[in-house]
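All values below come from the heavy atoms of this structure, side chains included, with hydrogens, waters and symmetry mates left out.
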Amino acid sequence: MSDQQRSALTPGSRAEHLSRLRAATVDDPLDVLVVGGGVNGAGAAFDASTRGLSVGLVESRDWASGTSSRSSKLMHGGLRYLQMLDFKLVAEALRERDLLLEHTAPHLVKPIKFVFPFFKKVVDRAFIGSGVMLYDAMQSVGRKRAVPMHRHLLHDKMLKVFPALDGEKAVGALEYYDAQMDDARFVMMLVRSAAQNDSAVANYTSVVDYLHEGERVIGARVRDEETGEEFDIHARRTILAGGVWTQDQQELAGADAGLEVLASKGIHVTIARDRIPAVPDTGIITQTEKSVLFIIPWDEYWVIGTTDTAWTQDPRDVGATRDDIEYVLEHANEVLADDLTREDVIGVYSGLRPLLQPVRKNSGAGSTKVSREHTVMEIEPGLAAIAGGKFTTYRVMAEDVVDFAIKDSEPGRPSLTRSVPVIGAQGYETLVRDKHEIGRRYGFDEVRMDRLLFRYGALLTDVLALIDEDPSLGTPLEHAPRYLRAEALYAVRAEGARHLIDVLQRRTRLDYETRDRGVAAADEVAALVGPELGWDDAARRREVETYRALIAARLEGERATSDDQAAACLADVAEVPPRR
C-alpha cells in the first residue's frame with residue numbers, strides 16, 4: 001500500500017482502522033493509545049507513529065470538532081505573552097512557527113502582516129516598539145529569519161497600509177509579521193500524517209471506560225458512535241489529550257491525581273472583505289481591557305475577535321451571545337474609521353481555550369497560576385495527560401507527552417517530527433511553480449489556485465484527479481462558489497468526513513463564511529457525499545434537517561444575553577442524526 005493510500009481516510013479505511021484497534025489485545029497491545037482528536041492528540045499520534053511505535057488515535061466526534069477548529073487561526077509567537085514576561089513560551093512558539101513556515105508545513109501555514117496602531121505617540125511607540133523589537137530579536141537568534149523584520153509607520157504611511165484605521169485616534173503604528181493557518185484542516189492533515197505512518201485512527205469513537213490491571217491503565221473500552229458497538233483497545237501506554245474535557249476523562253479513569261483545566265470562551269465574527277479596506281494580507285492587532293483584538297484577513301472576509309470570558313456550562317454547548325458579538329464589534333469600531341454593525345456580520349464561531357491549573361484532587365492545595373504553558377502528568381500508572389499550551393507549540397507538546405509516556409519502555413526512540421513534514425508538504429513547491437499552468441488547464445483563476453494550494457498542498461493532485469474522472473466536479477458549489485464540488489467529495493473520500501456537519505463546518509468553513517451558515521449548500525453537498533457514505537434518501541434528509549436545526553439553535557443563541565441562555569439553546573440540539 002502506498003503512502004497516499006495509507007493516509008486516505010475513506011469510509012472503507014475507517015472500518016479497517018477500527019479492525020486494527022479491535023485487534024489490540026492483552027497479548028498484542030498497541031504501544032500507544034491516544035485519546036482526543038484535537039491538535040494535541042493528533043500531534044501526539046503523528047509523533048509516536050514516526051518513531052516506529054504502534055499507535056491508535058480515537059476521537060468521540062470529528063477531528064478538531066472542539067477547540068482546535070475554533071481558534072484565531074494564527075500560528076504566532078504570542079506577542080502579548082512578552083508582557084507577562086513569559087519569554088520561554090514566546091521563544092518556543094516562534095521557533096515552531098518558523099519550522100512550520102520553512103519546512104514541515106509551508107502548504108498549511110503562511111506569513112501574515114499585522115499593523116499595531118499607536119494611540120499615545122510617545123508611550124506606545126516606546127513600549128510597544130520595544131516589545132516587538134524583542135519579539136523580532138528572538139526570531140533571529142541562531143537561525144535564518146522566516147519573516148521580514150518589523151518597521152515603524154508614521155501616521156500617513158499607516159493610513160496607506162491600512163486605510164480603514166481611524167486616523168483621528170491612531171497617531172502611528174508598528175508593522176510586524178506572524179503566520180496564519182486553517183486550524184481544522186491542519187489537525188485533519190496531522191491525523192492523515194499519523195495514518196500515513198501506520199497509526200490506526202477513528203473519529204466518532206468514544207472512550208466509555210478505561211481498562212485496568214490492578215492500578216495500571218492498560219487501554220480503554222470504546223464505542224463506535226456510528227454503530228453503537230463497544231470493544232476494548234489494549235495499549236502499553238495511554239495518552240489523554242482531552243482539552244477542556246480533560247477532567248471528565250480523568251474522572252472516567254478513576255484517577256486520584258489530575259489536571260484542572262479552566263474553560264475560557266473566545267468568539268470571532270466574520271465580515272465581508274470589502275467592508276474594511278487595507279493593503280492585501282494585512283491585519284490589525286491591538287489590546288482591549290480583557291483580551292486582544294485581531295482583525296485578520298482571511299480569503300474573502302475578515303475574522304475579528306476575540307473575547308476571553310470564563311465558561312462554566314457544558315463544553316459541548318458553547319455559543320456566542322449577543323453581548324459577545326457586540327463586544328467584538330465595539331472594540332473593532334474603536335480603531336476603525338467606519339463603524340461596523342450587526343448587519344455586517346456574516347458568521348460567528350466560538351470555542352473554549354483550555355487554561356491549565358495542575359492540582360491533586362481533594363488535596364486542599366491552593367490553585368496555581370493559570371498559564372498557556374503546557375503540563376504533562378501521569379494521572380494513573382500507564383495513563384499520561386497533557387493540557388495547556390497553544391496551537392503553535394503543538395509539536396513540542398506532542399514530543400513532550402510521547403517522551404514522557406515511553407520513557408521507561410522505549411527510551412531510545414527520539415522524536416522525528418522536527419524533520420518529518422506534515423502530509424502535503426512534499427511536492428508543494430513544484431505545484432506552486434506550476435500553478436498558472438494548472439489554473440489554465442482547469443479554468444481556475446489565481447485566487448482559486450492559491451486557495452486550493454493552501455488547503456491541500458501537494459495533495460491537490462488527488463482533488464484534480466477527481467475532476468479528471470468527472471469534469472462536473474470542477475464546477476463550484478451553487479450556494480458556496482468558494483468551493484468546488486470535488487472538494488466536498490474529497491472530504492469523504494480522503495479526509496475522514498462522516499457527516500454533513502463535518503464537511504460544512506470543518507472540511508469547508510461554510511458555517512461562518514456564508515450568511516446562511518451553509519444551510520443553502522446543505523442539500524447539494526448531502527447529495528454529493530451521501531452515496532459515498534451509504535445514505536439513502538431518508539438518511540440524507542436527516543443529515544440536512546439536523547444541520548439546519550443546529551444552525552437555527554446557534555442563531556437563537558446569538559440573540560441571547562447570557563451564557564446560560566446561549567447554552568440552553570444548544571443543549572438539546574444534535575450535531576449528527578441519532579443512530580438507526
Among residues at least two apart in sequence or on other chains, which ones pass side chain to side chain contact (heavy atoms under 4.5 Å, CB included) with [X]?
X	value
Gln426	Pro421
Asp344	Ile271, Arg275, Leu340, Thr341
Ala91	Arg95, Met138
Ala105	Leu100, His107, Leu108, Val109, Phe186, Val422

Checklist line | Set of residues satisfying salt bridge (Lys or Arg N to Asp or Glu O under 4.0 Å) with respect to Glu96, sequence neighbours excluded | finding: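 Partners of Glu96 under the salt bridge (Lys or Arg N to Asp or Glu O under 4.0 Å) test: Arg395, Arg418.
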
Would you please name every residue forming a side chain to side chain donor-acceptor pair (under 3.5 Å) with [X], sequence neighbours left out?
X	result
Asp450	Lys435
Tyr428	none
Arg151	Glu175

Check: Do Asp516 and Thr514 have side-chain atoms, one donor and one acceptor, less than 3.5 Å apart?
Finding: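 Their side chains do contain a donor-acceptor pair, which is all the 3.5 Å distance test asks for.
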
Notebook entry, point to check: Do Gln250 and Thr246 have side-chain N/O donor and acceptor atoms under 3.5 Å apart?
Noted result: no

Margin query: So, using ring pair (Phe, Tyr, Trp, His ring centres under 6.0 Å) as the criterion, who are the partners of Trp245 when residues are at least two apart?
Written below: none

Notebook entry, point to check: Under 30°, 30 to 60°, or over 60°: which ring-plane class applies to His331 and Tyr327, parallel, tilted or perpendicular?
Noted result: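 Because their plane-to-plane angle lies in the 30° to 60° range, the rings of His331 and Tyr327 count as tilted.
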
Identify all side-chain donor-acceptor contacts of residues 114-124 below 3.5 Å with residues at least two apart in sequence or on another chain.
residue : atom : partner : partner atom : Å
Asp124  : OD2  : Phe119  : N            : 2.8
Asp124  : OD2  : Lys120  : N            : 3.1

Notebook entry, point to check: Do you know which two heavy atoms are closest between Val244 and Val261, and how far apart they sit?
Noted result: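 Reported closest heavy-atom pair: CA-CG1, 4.2 Å.
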
Check: If you look at every heavy atom in Arg455 and Thr508, which pair is closest and at what distance?
Finding: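 For Arg455 and Thr508, the tightest heavy-atom pair comes out as NH2-CG2, 4.2 Å.
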
Checklist line | Residue pairs passing the salt bridge (charged side-chain N to carboxylate O under 4.0 Å, His left out) test where at least one lies in residues 129-146, sequence neighbours excluded | finding: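 Checked against salt bridge (charged side-chain N to carboxylate O under 4.0 Å, His left out) - neighbours excluded - the pairs reaching residues 129-146 are Asp98-Arg143, Asp136-Arg145.
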
Next item on the list: Hey, could you give me each pair passing ring pair (Phe, Tyr, Trp, His ring centres under 6.0 Å) that has a residue in residues 334-356? Not counting sequence neighbours.
Entry: His268-Tyr349, Tyr349-Tyr512

